[in-house]
Number of protein chains: 2
Amino acid sequence: MMHHSFELILANIGRHISLTAEESSYFTQLLRPGHYARRELLLMEGAVCTDFTFIVSGCMKSYLLDQQQKEHILTFAAPDWWIADINSFITGNPGNLFIQAISETHTLALSRRNQEILLREIPKFERCFRILTERAFAASLQRNIDAMSLSALERFEKFRLQYPYLLSLLSDQEIASYIGVTPSFFSRMLKKHHLK
Amino acid sequence: MMHHSFELILANIGRHISLTAEESSYFTQLLRPGHYARRELLLMEGAVCTDFTFIVSGCMKSYLLDQQQKEHILTFAAPDWWIADINSFITGNPGNLFIQAISETHTLALSRRNQEILLREIPKFERCFRILTERAFAASLQRNIDAMSLSALERFEKFRLQYPYLLSLLSDQEIASYIGVTPSFFSRMLKKHHLK
DNA sequence: CCTGCAACTTGACCTTGGTCAAGAACTCCA
DNA sequence: TGGAGTTCTTGACCAAGGTCAAGTTGCAGG
């Protein structure tokens with residue numbers, strides 16, 4: 001069963017580079033399994049994000065609180081995705097994001113220190129992380145584009161087409177926060193367009 | 001003088017990895033110098049972005065036109081920065097961004113093909129591009145956060161503090177587009193707050 | 001030096017989405 | 001199974017920022 005829990009992450013990595021059996025086990029032994037209850041925090045504002053975290057099951061979100069303590073969701077992470085406060089992770093400085101479990105979640109964490117060891121011992125992981133980062137970067141740019149050029153309704157339509165799986169896991173508030181509107185406006189919008 | 005034109009890019013790379021003299025010259029010979037007049041396009045919507053482009057002097061912007069043909073600026077690139085339509089570059093599909101020179105600009109282009117050769121011949125460049133991408137990714141996430149949690153005025157204040165150098169090169173329309181407001185609102189905002 | 005276009009400004013009005021507060025509807029355990 | 005907290009909905013009102021069009025200013029090229 002130990003073996004079983006690494007299947008998803010090895011498949012994830014295997015999409016970008018191929019590993020021998022030894023390399024795979026070297027890699028997996030650098031991972032730290034974690035378990036979070038619904039609403040449990042993985043990271044708090046002001047803490048240094050020391051881990052790059054892979055979601056095995058469940059779902060997490062990263063968000064920040066603005067000056068008025070309003071929550072703004074930056075990303076969701078479903079199974080087979082990674083989550084971190086990248087800015088804090090790469091600089092080593094305290095971050096301003098919270099990361100929280102939306103439902104009961106199993107994770108595998110790769111610490112900064114272990115990532116360095118991994119990259120030194122198996123340099124082809126550089127390639128893997130480059131590709132993962134490129135994709136996440138492209139997704140983030142697209143979100144900037146959408147925020148600038150689409151209406152709230154269009155952003156929601158796009159979200160539901162792109163992440164139908166997440167829709168069922170999230171509260172309306174969370175979807176509203178992600179697309180960048182208030183819960184009350186979101187509720188009105190759904191009603192007006194008979195989307196619920 | 002050939003040598004001189006590579007100093008900036010070698011310093012840029014040198015911030016992340018160290019290269020021998022041979023590696024440096026292997027790298028620079030994979031670069032294609034380019035020159036663009038003010039307003040000249042480096043990339044058009046619908047074209048495949050085949051190059052990762054380094055700005056030696058001058059300034060460029062990437063932008064898209066929305067359904068109503070309104071321009072939205074995604075990024076600026078001053079000297080010592082890279083610019084590309086990352087999504088098109090990594091997928092090889094036609095992109096939806098334009099890249100255009102704001103002033104007369106000298107560039108060094110690394111094509112996708114040459115990047116592959118470079119990564120194969122000198123694998124430590126994987127690390128370099130991973131780090132460059134991570135930083136660009138962190139900047140993009142921060143922009144998402146700012147778009148969600150700051151007012152137009154706050155976004156402008158942040159922009160002028162962060163990129164004072166760009167302020168002098170850009171028209172008000174371009175700044176307005178980048179911070180995500182119309183030129184007329186931007187003009188009113190400056191006046192209201194005595195910012196000009 | 002002048003002209004013609006591009007950039008900026010401004011007025012009047014409009015739209016999208018926010019605020020605050022109160023009520024209705026879930027749910028999750030004890 | 002029955003509260004106690006969430007979450008969702010809704011009304012009345014508000015504010016940030018957009019639209020359109022008409023000036024004005026500025027400046028680059030002939």
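Throughout, a chain's letter reflects where its sequence line sits, starting with A, and its residues are numbered from 1. The model shown is predicted, which means the values in this text are computed figures rather than measured ones.
One interatomic measurement links the two molecules: CZ of Arg39(A) to P of dG5(D), which rounds to 14 Å at whole-angstrom precision. Taking atom NE2 of His72(B) as the reference point, atom P of dG18(D) lies 10 Å away to the nearest angstrom. In this structure, Leu195(A) atom CG and dT9(D) atom P are separated by 12 Å, rounded to whole Å. Put simply, NZ on Lys191(B) is 14 Å from P on dT24(D), counting in whole angstrom units. In this structure, the CD atom of Gln68(A) is 14 Å from the C1' atom of dA15(D), given to the nearest Å. The CZ atom of Arg188(B) sits 9 Å away from the C1' atom of dG17(D) (whole-angstrom rounding). What separates CZ of Phe185(A) from P of dC14(D) is a distance of 19 Å, to the nearest Å. In this structure, Lys192(A) places its NZ atom 14 Å from P of dT10(D), rounding to the nearest Å.
Side-chain contact, Asn12(A) with Trp82(A): a donor N or O sits under 3.5 Å from an acceptor N or O. With no hydrogens or angles considered, no side-chain donor-acceptor pair links His35(A) and Glu40(A) at under 3.5 Å. At a cut-off of 3.5 Å, with distance as the only test, no side-chain donor of Glu174(B) or Ser177(B) sits close to an acceptor on the other residue.
Mapping heavy-atom proximity under 4.0 Å, the span of DNA chain C touched by chain B runs 5' to 3' from dA7(C) to dA12(C).
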For the pair Phe89(A) and Val48(A), evaluate side chain to side chain contact (heavy atoms under 4.5 Å, CB included) and give the outcome as yes or no after the intermediate values. CA-CA 7 Å; Phe89(A) 184 83; Val48(A) 172; over 6 Å; no
Under the side chain to side chain contact (heavy atoms under 4.5 Å, CB included) rule, what do Leu169(A) and Leu167(A) come out as? Steps first, then yes or no, please. CA-CA 6 Å; Leu169(A) 297 177; Leu167(A) 276 182; over 6 Å; no
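Between Thr182(B) and the phosphate of dG18(D), there is a side-chain N or O to OP1/OP2 separation shorter than 4.0 Å.
Heavy atoms of Lys70(B) sit under 4.0 angstrom from primed sugar atoms or phosphate atoms, though from no base atom.
End-to-end axis angle of the helix from dC1(C)-dG30(D) to dA30(C)-dT1(D), from C1' rotation axes over five pairs per end: 50° (rounded to 10 degrees).
With respect to Asp51(B) and Arg112(B), no salt bridge is recorded, no charged nitrogen being found less than 4.0 Å from a carboxylate O.
Aromatic rings of Phe6(A) and Phe27(A) (six-membered ring for Trp) have centroids beyond the 6.0 Å cut-off, not under it.
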N/O donor to acceptor pairs below 3.5 angstrom from side-chain atoms of residues 129-140 of chain A, sequence neighbours left out:
from: Arg130(A); atom 1: NE; to: Glu126(B); atom 2: OE1; distance (Å): 2.6
from: Arg130(A); atom 1: NH1; to: Glu134(A); atom 2: OE2; distance (Å): 2.8
from: Arg130(A); atom 1: NH2; to: Glu126(B); atom 2: OE1; distance (Å): 3.3
from: Thr133(A); atom 1: OG1; to: Phe129(A); atom 2: O; distance (Å): 2.6
from: Ser140(A); atom 1: OG; to: Ser140(B); atom 2: OG; distance (Å): 2.5
from: Ser140(A); atom 1: OG; to: Asn144(B); atom 2: OD1; distance (Å): 3.1

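Of the possible polar contacts, none joining the Thr107(B) side chain to the Ala109(B) backbone as a donor-acceptor pair under 3.5 Å is found.
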